[in-house]
**Q** 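Can you keep this structure in mind? I'll have questions shortly.
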Amino acid sequence: MIDVALVPAELPENHQLADQAVLVIDVLRATSTIVTALAAGATSVVPVSDPAEARKLAEALGDGIVMAGERGGLPLPGFDLGNSPLEYTSEKVQGKVVVLSTTNGTVALQRVQTAEKVGTAAFLNAAAAADWAVQALNEGLRLLLVCAGTVRRFSWEDTCLAGLLTCLIQERQEGVTCSDGAVAAVRLWKGFNDANEVFMLSRHGKRLKELGFGADLTYCARTSVINAVPELHNARLMFAERIS
Ligand code: 3SL
Ligand code: MG
């Protein structure tokens, strides 16, 4: 079955996700940034919820670290990069470990660490994420798509991607059933032609535009252009094929 948590509050209280494969979705912008950083050659991305924790971890890890993240959409003081995926060029992140702290996306990632498998999805890697999900289902795992939401509230764009992923998974695997959350996500997604249209109605999309990040929306709307899935291993996200 494909299940969708429309907000992280739907996750089990005790965080027990042992028999599940979880795809975390924060289209605007954490999971778009994560997949972009790895595609640009970062060796891993370490998601942390708290900026102070990010500073401590970066100190402990030593050289080759990029401290990154946002609060209120804006770069954190003293950090090397913000949370705009367009900042993550190979000049800045190639061969580096990115320690990333964001308001919603990295917090959701920390809440699902007990799952058997954890990956991240964005429109950018939608087709690869659907393949990853089908493989997990074939391994006998239950599948949960977790929408990171915006400050604990429902997020339009994350739910639309959950809908697209559900459609792509069903195209690849016959007979997969859906929870009510997954059905709702599909209905929502089917009302749009593409991610650009989704972002035009999204409250957080509008906010990012006001903050001057309109180009991020155009970039994050690109669909299935990165053919890889960041996967969590030992608290670090790496592309699955780079994990030995
Ligand atoms: O909340 C998050 O994880 C961020 O992606 C939010 S923002 O788009 O950088 O404002
Ligand atoms: Mg978001």
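These numbers come from a predicted model, not from an experiment. Scope of the values below: all heavy atoms of this structure, side chains included, with no hydrogens, waters or symmetry mates.
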**Q** Answer yes if the side chains of E53 and S101 hold a donor-acceptor pair under 3.5 Å, and no otherwise.
**A** no
**Q** Can you find a heavy atom in the side chain of L28 that is under 4.5 Å from one in the side chain of H204?
**A** yes
**Q** Can you tell if the side chain of L165 reaches within under 4.5 Å of the side chain of L145, non-hydrogen atoms only?
**A** yes
**Q** Could you walk me through whether V151 and N104 pass the side chain to side chain contact (heavy atoms under 4.5 Å, CB included) check?
**A** CA-CA 6 Å; V151 202; N104 307 287; 4.1 Å; yes
**Q** Can L11 and L144 be said to form a side chain to side chain contact (heavy atoms under 4.5 Å, CB included), step by step?
**A** CA-CA 10 Å; L11 289 168; L144 177 62; 3.8 Å; yes
**Q** Just so I know, are the side chains of R71 and P51 near enough to count as touching, which here means a heavy-atom distance under 4.5 Å?
**A** yes
**Q** Less than 4.5 Å apart, side chain to side chain, heavy atoms only: is that true for V93 and L38?
**A** no
**Q** What do you reckon, is CG of N138 surrounded by more than 12 foreign heavy atoms closer than 6.0 Å?
**A** yes
**Q** Is the side chain of R111 donor-acceptor paired with the backbone N or O of V107 at a distance under 3.5 Å, no angle test?
**A** no
**Q** Check the surroundings of atom CG in D194: do more than 12 heavy atoms from other residues, nucleotides or ligands lie under 6.0 Å from it?
**A** yes
**Q** Begin with the C-alpha distance, continue with both residues' side-chain angles, and end with the deciding distance and a verdict on side chain to side chain contact (heavy atoms under 4.5 Å, CB included) for C167 and V186.
**A** CA-CA 7 Å; C167 293; V186 169; 3.9 Å; yes
**Q** Got a second to check how far T166's OG1 is from I2's CD1, nearest 0.5 Å?
**A** 4.5 Å
**Q** Could you please spell out the steps behind the salt bridge (charged side-chain N to carboxylate O under 4.0 Å, His left out) verdict for D3 and R142?
**A** CA-CA 8 Å; D3 195 4; R142 293 195 294 146; over 6 Å; no
**Q** Any donor and acceptor pair, going by atom type alone, linking the side chain of T223 with main-chain N or O of A221 inside 3.5 Å?
**A** yes
**Q** For a 4.5 angstrom cut-off between non-hydrogen side-chain atoms, does E116 reach E139?
**A** no
**Q** State, yes or no, whether a side-chain contact exists between L217 and N196 at a heavy-atom distance under 4.5 Å.
**A** no
**Q** Measure the OG1-CG distance between T120 and L232 for me, rounded to the nearest 0.5 Å.
**A** 9.5 Å
**Q** Counting only N and O atoms by type, is there a donor-acceptor contact under 3.5 Å from the side chain of D158 to the main-chain atoms of C147?
**A** no
**Q** What distance do L164 atom CG and I169 atom CD1 have between them, rounded to the nearest 0.5 Å?
**A** 9.0 Å
**Q** How long is the straight-line distance from CD1 of I25 back to CD of E157, given to the nearest 0.5 Å?
**A** 10.5 Å
**Q** Is there a path of hydrophobic side-chain contacts, each under 4.5 Å between heavy atoms of I, L, V, M, F, W or Y residues, that connects L100 with L109?
**A** yes
**Q** Is the closest side-chain donor-acceptor distance between Y219 and T36 under 3.5 Å?
**A** yes
**Q** To the nearest 0.5 Å, what is the distance between CD (Q173) and CG (D131)?
**A** 11.0 Å
**Q** So for atom CD, which belongs to E197, do other residues, nucleotides or ligands contribute more than 12 heavy atoms lying within a distance under 6.0 Å?
**A** yes
**Q** Are V45 and R236 packed together at the side-chain level, in the sense that at least one heavy-atom pair is separated by less than 4.5 angstrom?
**A** no
**Q** Quick check on the hydrophobic clustering: are V4 and L17 connected, directly or via other members, by side-chain heavy-atom contacts under 4.5 Å?
**A** no
**Q** Measure from NZ or CZ of R29 to the centre of the six-membered ring of F213 and say whether it is under 6.0 Å with the direction within 45° of the ring axis.
**A** yes
**Q** Could you give me the CA-CA distance, side-chain angles and deciding distance for Q16 and T114, then say whether side chain to side chain donor-acceptor pair (under 3.5 Å) is met?
**A** CA-CA 6 Å; Q16 282 314 312; T114 58; 5.0 Å; no
**Q** Do any side-chain atoms of residues 72-83 form donor-acceptor pairs under 3.5 angstrom with protein atoms, and if so which ones, sequence neighbours left out?
**A**
from : atom 1 : to  : atom 2 : distance (Å)
D80  : OD2    : M67 : N      : 2.7
N83  : OD1    : T33 : OG1    : 3.1

**Q** Are the side chain of S179 and the backbone of A182 linked by a donor-acceptor contact shorter than 3.5 Å?
**A** yes
**Q** For the pair D19 (side chain) and L141 (backbone), establish whether a donor and an acceptor sit closer than 3.5 Å, ignoring hydrogens and angles.
**A** no
**Q** In this structure, are over 12 heavy atoms from other groups packed under 6.0 Å from R222 atom CZ?
**A** no
**Q** Around atom CG of N234, are there more than 12 heavy atoms from other residues, nucleotides or ligands closer than 6.0 Å?
**A** no
**Q** Between atom OG of S224 and atom CG of L124, what is the distance when rounded to the nearest 0.5 Å?
**A** 9.0 Å
**Q** Side chain of T43, backbone of K96: donor and acceptor closer than 3.5 Å?
**A** yes
**Q** Assess, by modelled atom type and distance only, whether the side chains of D216 and S84 contain a donor and an acceptor separated by less than 3.5 Å.
**A** yes
**Q** Taking A121's backbone N and O only, do any of them form a donor-acceptor pair with N125's side chain (distance below 3.5 Å, no angle check)?
**A** no
**Q** Is there a side chain to side chain contact (heavy atoms under 4.5 Å, CB included) between F239 and V229? Walk through the geometry before answering.
**A** CA-CA 6 Å; F239 278 153; V229 176; 5.9 Å; no
**Q** Would you call F199 and C220 a side-chain contact if the rule is heavy atoms closer than 4.5 Å?
**A** yes
**Q** Determine whether a donor-acceptor pair (N or O, by modelled atom type, separation under 3.5 Å) exists between the side chain of E70 and the backbone of T103.
**A** yes
**Q** Check whether any side-chain N or O of T102 sits under 3.5 Å from a backbone N or O of T106 as a donor-acceptor pair, and report yes or no.
**A** yes
**Q** Can you list every pair that meets ring-ring contact (aromatic ring centres under 6.0 Å, His included) and has a residue in residues 125-163, with sequence neighbours left out?
**A** W156-F192
